[in-house]
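A short write-up of the structure that comes next.
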Amino acid sequence: MGAKKIQFYPLDITYKVIEDKPQIYIFGRTTDSQQICVIDPNFEPYFYVLLRDERDIDDFCNKVIKIKVEQDKREAVVTKTEVAEKKVLGKNKKLVKVFVKIPPDVPVIREVIKEWEMIESINEYDIHFTRRYLIDKGIIPLTLVQAEGDFVTLKSRVPCFKANKIEQLSSDSITNPKILAFDIETYNPAGKRYAPEQHPIIMLAFYGENFKKVITWKRFSTNLDYIEFVEGEAQLIQKFKEILEKQKPDILAGYFSDGFDLPYIITRARKYDIELDIGLDHSTLSLKKGRIESIQITGIVHLDVFKFVSKIMARGLDTDSYSLDNVAAEVWGERKVEVDLDNLSIAWDNDFKQLEKFCEYNLKDSELTYKLCIKILPNIEEMVKIVGLPLFEINRMGFSQLDEWYIMRQTKFFNELAPNKPHYEEISERRKHTYQGAYVYEPKPGLYKDIVVFDFRSLYPTIISSHNIGPSTLNCRCCKDEAKYVPTEEKKYWFCKKTKGFLPSIVEDLISRRNRIKEMLKTKKDVVLNARSESLKVLANSFYGYLGFFGARWYCFECAESVTAYGRYYIHKVIDLAKKHGFDVLYSDTDSIFLILGSKKKEDALKLVETVNSELPGIMELDYEGFYPSGIFVSAKQGEYGAKKKYALLDEKGVVKITGFETVRRNWSFIAKEVQGEVLNIVLKERDLPKAVRYAKQVIFDLKNKKIPNEKVVIYTQLQKEIGDYTSVGPHVAVAQRLKNKGEDVGPGSMIKFIVAEGAGKIRDKAKLPEETKEGGYDADYYINHQIIPSVERIFDVLGYKKDDLVTADQSKLKEFFR
DNA sequence: GAGCATCGGGG
DNA sequence: GTGTACGATGCTC
């Protein structure tokens with residue numbers, strides 16, 4: 001045994017229990033590009049126990065080793081105990097490391113000892129076995145690992161190698177993992193809910209390097225060679241399996257495929273009793289009960305591109321919709337094939353010639369998904385290498401989780417014991433706890449020109465690092481006498497000056513690593529380094545949020561409160577300096593400051609940044625963010641609480657950037673969205689206020705005179721549950737009820753279209769189906785008062801125009817406001 | 001003003 | 001899963 005050595009890049013990891021022993025399975029590619037599964041049978045599950053009194057350790061070990069719990073014809077036992085030393089909130093403590101046979105024994109044994117009097121706490125009992133393995137072995141997915149052992153024969157789609165030794169070899173990364181993107185189209189008659197139980201998959205597209213394919217099962221004549229016809233849906237699903245088997249991708253990419261494509265395929269496959277045993281270990285895809293969160297394929301990394309885009313990249317994108325179409329358009333200006341999907345089902349039933357176009361559409365979606373995947377993969381990969389968890393998991397994590405698991409990995413190097421996750425009562429307790437947040441300098445609502453914007457580079461991380469903020473350094477005894485208090489209102493916190501804390505060390509390291517990379521990036525452009533820098537930034541910037549996140553293991557309310565206190569302190573410093581230099585401060589929020597240039601020049605603003613930076617301590621730095629020729633600041637809802645983050649800016653390229661306006665969602669009528677966008681455009685680009693007012697008034701006038709086509713006033717709302725289950729009946733529920741009475745199939749998921757029509761009573765009484773409503777039959781007053789006015793009210797409010805002024809036909813008022 | 005309902009992504 | 005929890009916002013009562 002142990003004769004052979006192989007080197008490989010891990011892609012996916014799982015474990016199996018075989019003969020009452022856990023075995024780690026690591027799937028990856030060898031250095032010569034062969035798929036492989038490396039099995040490590042030598043890792044044991046364990047957890048830690050901290051006793052109230054260290055003198056009880058022997059006693060505890062003697063007791064715990066005797067535990068036997070019968071369960072499912074097997075026995076959960078403690079196999080051994082070890083004494084370990086670790087830091088618990090900065091203090092060295094002796095702990096007992098309790099080993100069990102298989103991972104599911106951990107909760108069983110924990111249940112037995114939970115109430116023991118001598119126990120202070122039980123820790124690290126809820127760490128998934130594979131994650132535990134990666135951390136303890138120091139293995140980083142996607143980078144070079146060496147295993148010693150021998151090949152074994154097992155039921156598997158790839159060669160298996162049993163390792164008796166395994167180690168991280170270097171940080172060399174996998175190159176060109178094979179990516180296959182896919183997308184399905186389903187039969188979905190217009191307005192009907194998605195019903196995977198009823199409606200078939202009619203098209204399936206794949207896209208990869210040198211690979212394009214669309215499978216469909218109604219024949220039509222075509223010259224497109226990538227279209228392949230099969231006999232029916234069952235064969236289409238078989239093709240799905242076949243193609244995966246032949247192509248052997250490392251990564252299968254989809255867009256919202258956790259939530260749609262794969263669950264749909266699974267549901268349909270079940271109908272035909274097709275076993276979706278596509279896992280490299282022949283494991284079958286299945287749906288778990290309840291809310292589907294993710295779908296994992298053993299050995300093949302299923303990436304849901306949408307998840308990463310919407311969770312991690314979201315802030316870097318301007319689009320407020322993360323649809324494939326919008327995201328692709330923003331990332332590189334490419335759009336989907338334009339088709340009306342409502343016609344797909346019609347074409348499927350009647351007009352086969354039309355289907356070719358839908359195949360092109362289908363392929364294009366998978367192509368966009370593929371390209372998007374290529375685009376974001378460096379970012380996910382770098383995050384994988386920094387946090388140290390598998391691609392599949394990193395793909396689906398949010399900021400707090402990424403931070404938490406980054407910290408978890410660091411515990412090994414700092415020899416820290418991980419605190420437990422909070423339980424129900426603790427969470428609700430934490431949720432109640434609030435503290436003073438960031439400073440906001442309220443803007444005076446209005447239309448402005450020549451605005452310069454500055455912001456602090458990584459304000460909160462630099463504060464955490466330079467003030468040593470963390471749970472273990474909070475109000476330390478050693479600095480009590482000469483404490484330098486955090487500038488909170490009551491001076492109640494200080495942080496240790498003598499010993500660097502665990503968390504601040506981590507943040508400092510993140511920042512300095514990033515700075516080194518940024519230095520390198522100055523001399524050469526590099527996609528990977530850039531992605532690494534971005535990942536480090538994301539982790540560092542999320543730290544403050546993590547400290548105050550109710551679900552965090554390293555939650556520290558006092559720390560979060562201190563971070564914002566320092567933040568307010570520093571931003572005030574800048575504001576004071578700006579004023580001293582004669583600038584008018586327009587707006588400031590958290591770490592950014594908007595100044596009005598007035599008679600000054602851009603150069604003066606740049607000079608101010610320099611001056612500020614020369615006076616800031618350490619690594620803290622103010623950046624020049626940009627110049628905007630025009631901007632409108634809008635007051636928030638009537639309340640006194642000012643206009644928080646509600647503004648639209650016109651940048652130097654003529655692009656309007658909107659921040660904080662009520663997200664115009666699909667349950668707004670088209671006309672409301674249209675009016676809001678157009679009014680902002682006129683105001684910012686043309687600065688022609690009378691024109692904006694005229695335009696809005698015209699629309700209102702047109703509504704009154706029923707000149708707006710019905711299609712622009714349709715509101716779309718989705719039914720979420722059975723009609724009978726509603727306690728409060730909204731307009732769409734009332735409409736749905738009538739549809740049902742007519743014998744239509746409506747239920748959870750149905751998209752209800754309605755128009756608020758003329759008539760008496762509540763809105764729900766007036767809600768009518770579009771086809772029931774004659775052209776112009778809508779309730780103009782409703783649309784004016786509940787759709788148009790709310791969408792532009794605040795904008796006009798700023799310009800000194802009240803909503804009544806919009807509704808009255810009196811034009812004389814205009815002159816008053818716009819001379 | 002609380003609490004219930006919906007959106008999002010996908011066809 | 002060595003498992004608990006989406007987050008934000010609007011509408012109705």
Side-chain angles (χ1 to χ4, degrees), chain A residues 14-15 22 44-47 76 98 100 102-111 122-133 183-196 199-203 254-264 288 290-291 293-294 296 304-307 309-311 314 320-327 339-345 348 358 361-362 365 369 393 398 400 421-424 427-428 431 550-551 637 662-663 665-668 716-721 725-733 748-749 751-752 762-764 786 790:
Chain A
T14 186
Y15 81 93
E44 300 165 278
Y46 66 86
F47 58 93
V98 179
V100 296
I102 61 169
D105 288 346
V106 171
V108 175
I109 301 297
R110 182 172 95 95
E111 197 54 41
I122 306 173
N123 293 68
E124 306 197 9
Y125 55 83
D126 56 355
I127 295 164
H128 192 283
F129 194 54
T130 54
R131 294 185 179 185
R132 173 94 276 169
Y133 178 83
D183 180 53
I184 60 168
E185 306 301 324
T186 64
Y187 182 77
N188 188 30
K192 290 278 166 61
R193 58 184 139 148
Y194 293 121
H199 299 315
I201 299 166
I202 56 185
M203 288 170 189
Y255 201 82
F256 199 55
S257 41
D258 267 343
F260 182 73
D261 303 70
L262 283 181
Y264 212 108
K288 284 169 206 114
R291 217 184 127 90
E293 245 134 35
S294 63
Q296 192 159 13
D304 186 340
V305 175
F306 163 73
K307 282 250 164 82
V309 168
S310 63
K311 286 193 167 183
D320 53 5
S321 156
Y322 304 115
S323 65
L324 181 56
D325 197 33
N326 279 339
V327 171
V339 291
D340 185 352
L341 271 176
D342 282 347
N343 292 334
L344 174 55
S345 308
W348 187 254
F358 286 101
Y361 169 87
N362 190 201
D365 272 12
T369 302
E393 299 181 34
S400 296
K421 279 200 258 188
H423 269 276
Y424 182 76
I427 289 181
S428 47
R431 277 180 189 270
F550 57 78
K637 242 178 191 133
E662 46 280 299
T663 0
R665 299 197 284 182
R666 76 166 174 220
N667 54 343
W668 280 69
Y716 294 77
T717 307
Q718 196 174 36
L719 214 56
Q720 294 299 60
K721 47 187 185 183
D725 295 347
Y726 279 90
T727 45
S728 59
V729 178
H732 68 297
V733 182
M751 178 61 68
I752 308 297
K762 294 183 172 171
I763 292 174
R764 66 170 175 236
H786 294 275

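Keep in mind that what you see is a predicted model, and the values were worked out from it rather than measured. In what follows, every heavy atom counts, from backbone to side chain, and hydrogens, waters and symmetry copies are set aside. The chains referred to below are lettered A, B, ... by the order of the sequence lines, with proteins before strands, and numbering in each begins at 1.
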Between protein and nucleic acid, restricted to nucleotides 2-5 of chain C and to nitrogen or oxygen atoms under 3.5 Å apart, what atom pairs and distances do you find?
| from | atom 1 | to | atom 2 | distance (Å) |
| --- | --- | --- | --- | --- |
| C/dT2 | OP1 | A/H128 | NE2 | 2.9 |
| C/dT2 | OP2 | A/Y15 | OH | 2.8 |
| C/dT2 | O4' | A/P103 | O | 2.9 |
| C/dT2 | N1 | A/I127 | O | 3.4 |
| C/dT2 | O2 | A/Y125 | O | 2.2 |
| C/dT2 | N3 | A/I127 | O | 3.3 |
| C/dT4 | OP1 | A/K421 | NZ | 2.8 |
| C/dA5 | N6 | A/Y424 | N | 3.3 |

What is the nucleic acid contact for A/P731, judged by heavy atoms within less than 4.0 Å: base, sugar-phosphate only, or nothing?
sugar-phosphate
Original post:
When we call it a touch if two heavy atoms are under 4.0 Å apart, what does A/I184 touch: a base, just sugar-phosphate, or nothing?
Top reply: sugar-phosphate
Under 4.0 Å from OP1 or OP2 of C/dC13: is there any side-chain N or O of A/R764 that close? yes
Separation of B/dG9 atom P from A/D183 atom CG, nearest Å, is 16 Å
Separation of B/dG9 atom C1' from A/L341 atom CG, nearest Å, is 14 Å
A/Y255 atom OH is separated from B/dG10 atom C1', nearest whole Å, by 10 Å
| query | Distance between the C1' atoms of C/dT4 and B/dG11, in whole angstroms? | reply | 32 Å
Applying salt bridge (charged side-chain N to carboxylate O under 4.0 Å, His left out) to A/R131 and not counting sequence neighbours gives A/E393
note: A/E185, atom CD; B/dG10, atom P; distance rounded to Å ~ 11 Å
* Asked: Hey, does the side chain of A/D304 reach the backbone of A/F256 with a donor-acceptor pair shorter than 3.5 angstrom?
  -> yes
Separation between the P atoms of C/dG1 and C/dA5, rounded to whole Å: 12 Å
From NZ of A/K311 across to P of B/dG9 the rounded distance in Å is 14 Å
> Donor-acceptor pair, A/T186 side chain versus A/N188 backbone, under 3.5 Å?
Replying inline: no
Across all chains, not counting sequence neighbours, the salt bridge (charged side-chain N to carboxylate O under 4.0 Å, His left out) partners of A/D105 are A/R74
- Task: Look at the side-chain N and O atoms of A/H786 and state whether any lies under 4.0 Å from the OP1 or OP2 oxygen of C/dG10.
- Result: no
Atom CD of A/E393 and atom C1' of C/dG1 are separated, to the nearest Å, by 10 Å
Those residues at least two apart in sequence (or on a different chain) that pass ring-ring contact (aromatic ring centres under 6.0 Å, His included) with A/Y264 are A/F260
Between OH of A/Y322 and C1' of C/dG7 the distance, given in whole Å, is 13 Å
query = Under 4.0 Å between a side-chain N or O of A/S321 and OP1 or OP2 of B/dG9?
reply = yes
Hits for side chain to side chain donor-acceptor pair (under 3.5 Å) against A/S257, two or more places apart or cross-chain, chain-then-number order -> A/H302
Between NE2 of A/H199 and C1' of B/dG10 the distance, given in whole Å, is 14 Å
A/Y361 meets the side chain to side chain donor-acceptor pair (under 3.5 Å) criterion, sequence neighbours left out, with A/K336
Inset, instruction - May I ask you to say what A/N326 touches in the nucleic acid, namely base, sugar-phosphate or nothing, with a heavy-atom cut-off under 4.0 Å? - result: nothing
